[in-house]
Each structure stands twice: as C-alpha cells, then as structure tokens.
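Notes to accompany the following structure.
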Amino acid sequence: QGVLVPGLGTFAVVPEQINGTEEEVYVVRRPVFQLDIDMSCLQELVFPTVMMPGDIEIMPLDYWWLSQANSLPPDVVRGCVEETILLYSFQLRNRQCPAFAFESIGILSCQDNVLCMQFHCSCIAGLESRDTWVALLLT
C-alpha cells in the first residue's frame, strides 16, 4: 500500500472516512505523499505534514520491477533514481524550484516557498472508482 523512495519520501494510499449529509458516510481511498528530504536543504520552505496510518505496509522502491519496465539493469535504474533525487535536493537548497513529475501520479512542486505534491485527477480516479468526486475534493 505504500512505496518508500529513499531520500525523497513515501507514497501511499490511505482510506479516509468522510461524513456526508443525512447520515451518509463515504470511505474513499486517496493518495498521499510524506516528504523525507534532509531538512537542512529545506530552509524557509514549508511543506504539509502528512501522517501515515500505522497499519499501512511500506515497501522499498522495487528497482528490479522498474528495470523490467524500461529494459535497463537494476543497478543503472537505482543510480538514476539516486542521482535524480540528489539533483532535486541540490536545486531546492539553491533556491531553484523545479517541478518533479511522476508519470501517471502527479507533480511535486514548490510555489511561494510551499513544497507540495499535487496528484493527477486520473491517479485519484484510478484508486477510487465508487466515490471519485469525494476523493478528488479531499486530495
């Protein structure tokens, strides 16, 4: 249910209960991102605090699976991921605020000194087919 990208953060899907009108209760699955970048490089940047429920299983990033998806050896994929995260951290430290795009998931961006993860609507809709609009509003 969760994936740890070392040096960057954890992506997970969490259930959230929302009380609607007239005793309606919605339970939706929505994506969350918990940032895990070295705090020394985030001087003067604000980012939302996300609490992961304790029962969510967090798995490390599967470099072997990624290597199968792009036909590169797992050690090359690991090196690319690590170097990309180091570059992103360096850019944040030097007040450059590039957007970090995750295909089919969303964009990690920094605007007005606020670093936040914005999930694509298609990502949210893919996780929650029954109450899609509620999940979209929450996320």
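Any value given below was found using the heavy atoms of this structure, including those in side chains, with hydrogens, waters and symmetry copies removed.
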In terms of hydrophobic clustering (I, L, V, M, F, W, Y; side-chain heavy atoms under 4.5 Å; direct or indirect links), are Leu86 and Leu8 co-clustered? no

Nearest 0.5 Å, what's the CZ-CD distance between Phe90 and Glu83? 12.5 Å

Mind checking what makes ring-ring contact (aromatic ring centres under 6.0 Å, His included) contact with Phe100, not counting sequence neighbours? Tyr88, Phe102

Walk me through it: do Val5 and Ile85 pass the test side chain to side chain contact (heavy atoms under 4.5 Å, CB included)? CA-CA 9 Å; Val5 180; Ile85 292 169; 3.4 Å; yes

Contacts of Met59 meeting side chain to side chain contact (heavy atoms under 4.5 Å, CB included) (sequence neighbours excluded), chain-then-number -> Glu57

Looking only at heavy atoms, what is the nearest atom pair of Ala12 and Met52, with distance? CB-SD, 3.5 Å

Using side chain to side chain contact (heavy atoms under 4.5 Å, CB included), reason through Val81 and Leu61 one step at a time and then give a plain yes or no. CA-CA 10 Å; Val81 169; Leu61 187 60; 4.0 Å; yes

Could you give the side-chain donor-acceptor pairs of residues 63-72 under 3.5 Å, partners two or more places apart or in another chain?
from: Ser67; atom 1: OG; to: Trp64; atom 2: O; distance (Å): 2.6
from: Asn70; atom 1: OD1; to: Leu72; atom 2: N; distance (Å): 3.0
from: Asn70; atom 1: ND2; to: Leu66; atom 2: O; distance (Å): 3.3

Same cluster or not: Val3 versus Phe33, using hydrophobic residues (I, L, V, M, F, W, Y) connected whenever any side-chain heavy atoms lie under 4.5 Å apart? yes

Separation of Leu4 CG from Ile58 CD1 (nearest 0.5 Å): 7.5 Å

With sequence neighbours left out, the residues meeting side chain to side chain contact (heavy atoms under 4.5 Å, CB included) with Gln96 are Gln91, Pro98

Could you go step by step and tell me if Arg30 and Val13 meet the side chain to side chain contact (heavy atoms under 4.5 Å, CB included) rule? CA-CA 5 Å; Arg30 66 182 192 90; Val13 177; over 6 Å; no

Taking only distance into account, with no hydrogens and no angle test, what donor-acceptor pairs under 3.5 Å do side-chain atoms of residues 105-117 form with protein atoms, sequence neighbours excluded?
from: Ser109; atom 1: OG; to: Gln118; atom 2: OE1; distance (Å): 3.4

